[in-house]
There are 2 protein chains.
Amino acid sequence: MITLTEENYIKAIFHLGKQGSVTVSTNALAEAMNTKASSATDMIKKLAEKNYANYKKYQGVSLTADGKRVAVNIIRKHRLWEVFLVDKLNFTWDQVHDVAEQLEHIKSQKLIDELDAFLDFPTHDPHGDPIPDKQGKFEHVEKTSLSNAKEGVSYVCVGVNDSSVDFLKYLDNNAIALGTVIKVLHKEPFDHSIKIKIDGKELMVSQTVGKNLFLKEA
Amino acid sequence: MITLTEENYIKAIFHLGKQGSVTVSTNALAEAMNTKASSATDMIKKLAEKNYANYKKYQGVSLTADGKRVAVNIIRKHRLWEVFLVDKLNFTWDQVHDVAEQLEHIKSQKLIDELDAFLDFPTHDPHGDPIPDKQGKFEHVEKTSLSNAKEGVSYVCVGVNDSSVDFLKYLDNNAIALGTVIKVLHKEPFDHSIKIKIDGKELMVSQTVGKNLFLKEA
DNA sequence: ATAATTGTTTAGAGCGGTCTAAAAATAAGC
DNA sequence: GCTTATTTTTAGACCGCTCTAAACAATTAT
Ligand SMILES: [Mn+2]
Ligand SMILES: [Mn+2]
Ligand SMILES: [Mn+2]
Ligand SMILES: [Mn+2]
């Protein structure tokens, strides 16, 4: 039996540590979970005890094969629910995250299998993130951040690194969505801001935006 | 802020006490919640403290107006999710309850409003129970139990008093579903078993079945 | 290499929910 | 009415998860 809180910690370790294989520091985990380091330590011990995590004192934490399986399954549920909310219930991409955080913990194998079929086996969620299949296989998404894109080249927007309401609404306001074609006009060395062209209109974006927008060559 | 456990207790008080207005005993509540009387007492105190329940020591518990609102909202969510599972995800009426018990606690007003619309504002769940509308209004279902039905009269099945897997599968096996026409042939005084006719075929059912099957005159 | 800083773990406590065992109140039997 | 049985409440404990404060380990600076 695995608790909702344990699932959330496992997911956080997975995301912080590049699929859970890289070691994650206690402070980083606490920060991500909005708790204190002492709470993170307690949970890490428990996860290690239950064989979801590898842990040596002062050496950080990573996921075992079991832990990775749990993480992938939760991510699969999270992203399938996000697709459901957008495709069927008229949610916008900035409205789905909080609800999906709750729905991802519903326990029913049939539910998630049927939902997957009902949605026609989607491969990506509303933010462009890949949805693991029933076996936990991820489709790797080829992508570069806008910050690493080359001047003069045209790209397609394929994802975001930050699913916060503020960032997603900023993108909406500037007509940037998944599939939008973006041409990189100029990268300013001084403050790393970037001039881009979208649908004929020029736009200046900050370094922060550049780092959080994922593209692939058009 | 109201916890998942509080919500479940409130719902139980509502169901045990005829919409929460009749007083419910500590033992009955503990029994329904699969806990001990001492746990029920603790929770009753907390609910009274939060103004969801009326409570005087040794006098049982009932719901306040606030408590009733909470209960009705959870029931609404529970039943809408049940409809979703059956109508959209190929669940059978005996498979929905456990999952709905989890889904009913998801917190999002938009989610439930959109789900309601997506399902085309259903008025009854897969077990024939009425779904409260957004304002909490129940449509009253006119019904008698099969045990109270009159010999020689034809009825339509409109609901069940017991949504357990065993009972629902029994009904499936005997071709009894919502909408099925049932004629009462004979009520045996000795053991209160009942001979009925369904689709031309005669069937003998026990008193237990009679008490758990709701009908209305055809 | 020693000192200072930063990162991590432990100690001890609190809250929500559960339990068992025992005390108190109510209901039933005679 | 008094006694017994039943119901309900209290007392004290435990588990999961959180916190603050303090101890300890690792890293960085001088
Ligand atoms: Mn999300
Ligand atoms: Mn997403
Ligand atoms: Mn149900
Ligand atoms: Mn139902």
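In what follows, every chain begins at residue 1, and chains take the letters A, B, ... in the order their sequences are listed.
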Open item on the list: What is the separation between atom NZ on Lys45(B) and atom P on dT18(C), rounded to the nearest whole Å?
Closed with: 15 Å

Task: Protein-nucleotide distance (Glu31(B), atom CD; dT6(D), atom P), rounded to Å - done: 16 Å

- [ ] Give a yes or no on whether the ring-centroid distance for Phe214(A) and Tyr155(A) is below 6.0 angstrom.
- [x] no

- [ ] Starting at CE of Met43(A), measure out to OH of Tyr55(A) and round the result to the nearest 0.5 Å.
- [x] 13.5 Å

- [ ] Return the set of residues passing side chain to side chain contact (heavy atoms under 4.5 Å, CB included) with Ser108(B) (not counting sequence neighbours), or none when no residue passes.
- [x] Phe91(A), Val99(A), Lys110(B), Leu111(B)

TODO: Mark yes or no: Lys88(A) above the aromatic ring of Phe84(B), with NZ or CZ under 6.0 Å from the six-membered ring centre and no more than 45 degrees from the axis.
DONE: no

Open item on the list: Measuring to OP1 and OP2 of dT10(D), would you say a side-chain N or O of Lys57(B) lies under 4.0 angstrom away?
Closed with: yes

Task: Options dT10(C), dT26(C), dT18(D), nucleotide nearest the side-chain atoms of Tyr58(B) - done: dT26(C)

Open item on the list: For dT6(C) and Asn27(A) - does any side-chain N or O of the residue sit under 4.0 Å from the phosphate oxygens OP1/OP2?
Closed with: no

Task: Any N/O donor-acceptor pair, Ser38(B) side-chain to dT20(C) base, under 3.5 Å - done: yes

TODO: Rounded off to whole Å, could you give me the CD-to-C1' distance for the Glu7(A) and dG16(D) pair?
DONE: 15 Å

Open item on the list: Side-chain N or O of Tyr55(B) versus OP1/OP2 of dT9(D): is the shortest distance under 4.0 Å?
Closed with: yes

TODO: May I ask you to say whether Lys77(B) pairs ionically with Glu82(B), meaning some side-chain N is under 4.0 Å from a carboxylate O?
DONE: no

Open item on the list: Distance criterion of 3.5 Å, no angle test: do you see the side chain of Thr41(B) paired donor-to-acceptor with the base of dT10(D)?
Closed with: no

Task: Atom-to-atom span, CD1 of Ile44(B) to C1' of dG16(C) - whole angstrom - done: 16 Å

TODO: Figure out the CG/P separation between Leu29(B) and dT9(D), and round it to whole Å.
DONE: 11 Å

Open item on the list: Just the rounded figure in Å: distance from P of dG16(C) to CD1 of Ile2(B).
Closed with: 13 Å

Task: For atom CD of Gln59(B) and atom P of dA25(C), their distance in whole Å - done: 13 Å

Task: Residue met sooner reading DNA chain D from 5', once Asp42(B) and Asp42(A) are mapped to nucleotides - done: Asp42(B)

Task: Minimum-distance nucleotide (side-chain atoms of Thr3(A) versus dT10(C), dG16(D), dT20(C)) - done: dG16(D)

TODO: Among the candidates dC19(D), dC19(C), dT10(C), find the nucleotide nearest to the side-chain atoms of Thr35(B).
DONE: dC19(C)

- [ ] Check whether any side-chain nitrogen or oxygen of Ser39(B) sits under 4.0 Å from OP1 or OP2 of dC19(C), and answer yes or no.
- [x] yes

TODO: Specify the separation, in whole Å, of atom NZ of Lys56(B) and atom C1' of dT8(D).
DONE: 16 Å

